[in-house]
Amino acid sequence: MPYEPQKIEPKWQKEWEKAGIFKVRPTKDKPKFYCLEMFPYPSGKLHMGHVRNYAIGDCLARYKRMQGYNVLYPMGYDAFGLPAENAALEKGVHPKEWTFGRIEEMRKQQKRMGFSYDWDREIITCVPEYYKWNQWFFLKFYEKGLVYRAKATVNWCPKCNTVLANEQVVNGRCWRHSDTIVEKRSLEQWFLRITAYAEELLKDLEKLKYWPERVKTMQKNWIGKSIGTEFEMQVKDMDEKIKIFTTRIDTVYGMTFVVLAPEHPLVEKLVKGTEYEEDVKRYIAEAKQKTEIERSAEDKEKTGVFTGRYAINPFNNEVVPIFVGDFVLPHYGTGAVMAVPAHDQRDFDFAKKYDLQIRPVVFPEDGELDGNNMEKAYEEYGILRNSGEFSGLHSKEAIEKMTSWLEKKGIGKKAVYYKIRDWLISRQRYWGTPIPFIKCPKCGFVPVPEKELPVELPENVDFKAGGNPLATNKEFVDTTCPKCGGKAKRETDTMDTFFDSSWYFFRYCSPKEDKIPFNKEADYWMPVDQYIGGIEHAILHLLYARFFTKALRDIGLTNLNEPFERLLTQGMVLKDGAKMSKSLGNVVDPEDIINKYGADTARFFILFTALPEKDIEWSDEGVESCHRFLNKLYNFVERNKDRVKFELIKKSKLGLIDKAILSKTETTVKGVSEDMENYRFNFALAKLLDLLNLLCKFEDKINDNVLGYSLKKLVTMFAPFTPHIAEELWHMLSFKSFVSIESWPKQEPDYINKEAEQALDYLEEVRKDTLEVLKLTKIKEPKKITYYVAPEWKKKALSKLLKIFKERPDFNAGMKALLKTPELTEHRKEFEQIVKYMVKHFGEYLGKEIINEAKILEEFKKELEKEFGCNIVIASADKATGRATRAMPLKPGILVE
RNA sequence: GCGCGGGUAGGGAAGUGGUCAAACCCGCCAGACUCAAGAUCUGGUCGCUUAGUGCGUUCGGCGGUUCGAAUCCGCCCCCGCGCACCA
C-alpha cells in the first residue's frame, strides 16, 4: 500500500474525534498548558498565514500533551465586523447568514488540517450568549468610571462609514483601507479610559520576559511616556496663562518665542479684536484643511503666524513673541511649546524661516556655540551658560533644580505625559455589539439595567438606507427610559470589534457558562501559556487585551495582571518575495495543497522551512520534497513492519552498527526534545530526517529489535508535526493506542555511545576504501585484509596530549602547557596536526572520559569480518612501509592478500 | 533620525569560541535500478588535489582579542520591519 494521505488523514481525524482524545477538563493530576492562537475573522477561506499560525500552535499543543500536560487548545471566530456588513450591501445576504456560512467553511478547512482543538469550547463572538458579556463589561466599566462619552475630534473613515480608534489609523489612513485617507470630524463618542492604565501597561512590559523585544518596543513607543516639566507663562497685558510642557527645561533661558497649536483654545482669545485676528484665522482654517498626512509629512517646511501677543519667561522675565504653528500637535503635551531654536531642530527651522533669535545656553563641555552661525540645533546635554543662577550646572542637574524652582514659586512642576489616548470604542455600524445605553431626553444617557441584558441585535434592518442600519429598526430604537419611564431611544452605535477579542481567551475556559462571563475554570487555565499570532496585532489587539485584563482585575473578576505569558509572533508566508495577496496573484490556496499532497505535507513544509518567527518563502519544490520525504518514511516502515521486534535489548549482544543506531536514536531524542523546548521545529525535523536517512542506509544490517526500538521513537516524535502519518505508522507497527496521546520519548542515557556513532562513520569510509582496493586488485575472495593504523609516535603524542588535558580541565591552560613542551619544537607541524585531530574528534571528551580506542578497534574488526568474510588484521602502520605511515588512527592503509 | 531584527556555499536555512569547509532541504552532477522517463536508492557538489580525516581560500567589509573566530569586541556598509515634527 502506498502512502495515501487523502485516505489516512480523514480516517484518523474521525478516529480522534470519536475517541474524544482532545477534549479537556481541569485536573489536579497534570500541570496545565494553555496554548492559544489568535482566533480568525471568518472570511471563509483559510490562507497560508492561518495555516502557519495553527501548524505552529498545533505542533506545540500536541508536543505538550505528549509531555503530560493538560493542554487547553481551543478555536473560535471573531465574527463581528465590517466585511459581513459589506456582503449584505453587495450581495444582499444578511450579515448573520453570511458570517455563519463563512464560519462553517472555515471550520471545515481547519478540521481537514487535523488540528487538535477541543471543538466543544468553540466561541463565536456574534451570538448573544457571547456579546451579552461585552455589554455587561461595558456597564461594569461605566460604573468604574472607565467608560465615558465625550465630544472629540475623531478619525472618520469615509469608506467604513464610521469612526476609528487612534490605533486603527496607520499613516493617516484607515487600517482596513490603505488607500483611504482618514478625515477629522468632531463628534460625541464613547471612550474607554485606557489612559488610566498607561503607566501600568508600560511598566508591566518589563515583566513580559517571553515576549519578543520588537512587540514590547512597539507598545512602549505607542504609550510614549515622557517625563518633563510643566509650567505657566503669563501672557503680557492679558489675564491669561499659557501652560507649557518641556523635557528640556534646562534650555529655558534660550527661549526666544512660544508656539501654540492651531487648535489651542487660547488662540482665539489672544487675537480677538486685534489687527492679527484675520491672518491667524486664515492660517487656522488652512491648517484644518490639511489632512494628518500633509501636516506630518516629512521635511515639510514649518509654517506659522505671529499672534501679536507676547508671553513672559518666568525665569528671566523676558518677553517673547507668541506664534501659532501647525507643527505643534494639539493632542500632545499642553499643545503649546516653548521654542528654543538653539537646542531644538524644529524650533531652529522655524526661527530660520521667520528670522527669530537663536540663543545658545547649553554648551558642550569643551566647545563653543555661536547663535549667529549655527547650522543646526545643539540637542545634546551640556553645561549651562547665560542662565542666571543656574549657569555652570550640567543639564541633568539643571533640569532638577529648575523644576523645583518653579515648584517653589507655584507656577510649575514635574510632569509626565503619554502619547496614548483613550480608546474610542463606538462605531456607527450594524454588525457589532449594541452599546447598552438608552438616550432619554430628560435623563440623558442611561445604562440598560443588567437584568435586561443582552440588548439583542435586531435582524430586521435596512442596509441600503445609509447611515447606521440599526437606526432603521423602530422597534429596536424606540424604548422607555429605565430611570424615568418616559419615551426614550436606544443607542444605535455598536462596539469596536476589538472589544470582543479583548477577553475571548477568558471565555474559552468556560464557554458555556451563562451566569457570569467566565467561571472558576479560568483560575485554573489562565494565563495563556503560549499565545501565537501575527505581528500585525503587536499594538491593537495585544494592548487592548492587556488593558482589559487589568480592568477585569480591578472589577474583581481575576487576579491576573497580564493575560499572555509567552508570545510568539510568527513570520509571514511569502511567495516570490512578497506577501501573498490577491492583487499580486501569488496566492497559494491551502486547500489545493491538502488535495494534492495532504495536510501532513503542508504542515511539514511550513514547520521545516524556517524558524517560526521568520518569514518563509513558499516553494513548490520544497513542498514536493517534503511530500517525498513522508513517502520515504511511510515506505520504510511499511517494508519493515513485519520484521521489527520490540523486545528488551541486551546491549552486550549488539554489534557496532546496532550500538551506533541505538545511540543515534537517543541523541536524536535528546536533540529533538531540546529543539521542541526552544520552538526550533525546523531543526527538530532536520534531526528526524537525519535519523531516518541513517536507518535507510543500514536498513538490512540492523537488528530487528534495535530497528523496532528506533522506529517506535521516531514515529512518536513525528506525531506533533505530521500527526496523521504518524498515527498510521504507529498502528502499522501494531500498536493499538493513539500515538497522539502517547508519552513523548525519554532518552535512555545508557544507550548513548558517541564512539560507536563516530566509528560507524569511519566504518563506512573503511568499507568504501576496501571495496575500491578489492576492485583495483581484482581479488574477489580475499583471505586476509590488513589495515594499518597510526604510527606509534603519533599514538604516544596523542596519549601525552590526553594526559595533559586530563590533568587540566581548563582546555586553554592545557593548550598553553602543551605549547611549552619540548616535543613541540621538534615536530611542530605534526603536533599541529594532532591538535587539530584531537580537537576534531575528541573535543567532547576533553576533561571527561577518554575514548577507548582498543575496544572500538575490536568492534571494527568484527564488522569488517562480517562484511568481507575473511581474516582481518589491524596493525600499526609503523610496521608497514610507504603510504600507510601517513594514515591517522582508524583510517587504514589497506593490504589485501 | 530613533528602535528592533537581519546579512552564512547556486537558492532556502542551521550554526553563537575548538569533533566547522559549515546540519538539513531544494537545485545541479555522477552511479545503481529501468527498454526509457519518472519515482526510489547511492555518492559528489568552494578551489587545488586525490595517496590522504591533505593543502589553500571562505561565513557583508575593515581592524582587534585568542594557541584557535562564522561565533567575542570596535568601526563601517547593505537589507527588512516598526515609530517618527511627541516639545
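Reminder, nothing fancy here: chain letters follow the sequence lines and each chain counts from 1.
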Could you tell me if the ring centre of F721(A) sits under 6.0 Å from that of F604(A)? no

Could you list all N or O pairs between the protein and nucleotides 36-42 of chain B that sit under 3.5 Å apart?
from	atom 1	to	atom 2	distance (Å)
U40(B)	OP1	R628(A)	NE	3.4
C41(B)	OP1	K632(A)	NZ	3.3

Remember a base hit wins even if backbone is also touched, and classify K687(A) as base, sugar-phosphate or nothing at under 4.0 Å, heavy atoms. nothing

Could you tell me which nucleotide pairs with C75(B) by Watson-Crick or G-U wobble geometry, both distances under 3.5 Å, or answer none if nothing does? G61(B)

Applying the Watson-Crick and G-U wobble criteria at under 3.5 Å, what pairs with G1(B)? Answer none if nothing qualifies. C83(B)

Has K352(A) got its NZ or CZ under 6.0 Å from the middle of the six-membered ring of Y354(A), at an angle within 45 degrees of the ring axis? no

N682(A) side chain, from C-beta outward: closest of A13(B), G82(B), A87(B): A13(B)

Have E674(A) and N678(A) got a donor and an acceptor in their side chains that come within less than 3.5 Å? no

Have a look at T246(A) and say if it touches a base, only the backbone sugar-phosphate, or nothing, with a 4.0 Å heavy-atom cut-off. sugar-phosphate

Rounded off to whole Å, could you give me the CH2-to-C1' distance for the W211(A) and G5(B) pair? 18 Å

Which base, if any, makes a Watson-Crick or G-U wobble pair with A30(B), both distances under 3.5 Å? U42(B)

Would you say K220(A) has more than 12 foreign heavy atoms packed within less than 6.0 Å of its NZ? no

Are F350(A) and F327(A), when compared by the centres of their aromatic rings, separated by less than 6.0 Å? yes

With both distances under 3.5 Å as the test, what is the Watson-Crick or G-U wobble partner of A51(B)? none

In whole Å, measure the gap between the C1' atoms of G17(B) and G64(B) for me. 15 Å

Write down the distance separating the C1' atoms in G10(B) and C29(B), rounded off to the nearest Å. 13 Å

Figure out the CE/P separation between M218(A) and G3(B), and round it to whole Å. 16 Å

Do E613(A) and Y679(A) have side-chain atoms, one donor and one acceptor, less than 3.5 Å apart? no

Classify the nucleic acid contact of D690(A) as base, sugar-phosphate or nothing, counting any heavy atom under 4.0 Å across all strands shown. sugar-phosphate

Separation of A87(B) atom P from I227(A) atom CD1, nearest Å, is 11 Å

Taking CG from L568(A) and P from G5(B), how many angstroms apart are they, rounded to a whole number? 15 Å

On a whole-Å scale, what distance lies between the C1' atoms belonging to U42(B) and C59(B)? 30 Å

Tell which nucleotide pairs with U66(B), taking only Watson-Crick or G-U wobble pairs whose two distances are both under 3.5 angstrom. none

Pairwise P distance, U40(B) and C46(B) [rounded to whole Å]: 23 Å

Does a donor on one side chain sit under 3.5 Å from an acceptor on the other, for N693(A) and K632(A)? yes

I'd like to know whether R639(A) forms a salt bridge (Lys or Arg N to Asp or Glu O under 4.0 Å) with E699(A), so could you lay out the CA-CA distance, the side-chain angles of the two residues, the decisive distance to 0.1 Å, and finally the verdict. CA-CA 10 Å; R639(A) 267 201 308 280; E699(A) 183 167 356; 2.8 Å; yes

Between A610(A) and K419(A), which residue's closest nucleotide on RNA chain B lies nearer the 5′ terminus? A610(A)

Out of A87(B), C81(B), A14(B), which has the shortest distance to the side chain of R214(A)? C81(B)

Out of C85(B), A87(B), A14(B), which nucleotide sits closest to the side chain of K614(A)? A14(B)

G-U wobble or Watson-Crick pairing nucleotide for C20(B) (cut-off 3.5 Å, both distances): none

Quote, to the nearest angstrom, the P distance that separates G1(B) from U57(B). 38 Å

Between C85(B), C26(B), C4(B), spot the one nearest the side chain of S625(A), thanks. C26(B)

Taking for S226(A) and for L611(A) the nucleotide of RNA chain B with the nearest heavy atom, the one nearer the 5' end belongs to L611(A)

side-chain N/O T609(A) vs C25(B) OP1/OP2, d < 4.0 Å: no

Base, sugar-phosphate or nothing for L685(A)? Non-hydrogen atoms, less than 4.0 Å. nothing

Value in whole Å for how far the C1' atom of C24(B) lies from CD of E621(A): 17 Å

Atom NE2 of H264(A) and atom C1' of A87(B) are separated, to the nearest Å, by 13 Å

Establish, from distance only, whether the side-chain atoms of T722(A) and D600(A) form a donor-acceptor pair under 3.5 Å. no

Without hydrogens or angle criteria, can the side chains of T247(A) and Y417(A) be said to hold a donor-acceptor pair below 3.5 Å? no

Atom C1', compared across U45(B) and A21(B): separation rounded to whole Å: 12 Å

With rounding to whole Å, what would you report as the distance between A69(B) and C20(B) at their C1' atoms? 11 Å

Can you tell me how far C1' in A87(B) sits from the matching atom in G7(B), rounded to whole Å? 37 Å

Atom OH of Y332(A) and atom P of A84(B): how far apart are they, to the nearest Å? 13 Å

Starting at atom NZ of K216(A), determine the distance to atom C1' of G5(B), rounded to an integer number of angstrom. 15 Å

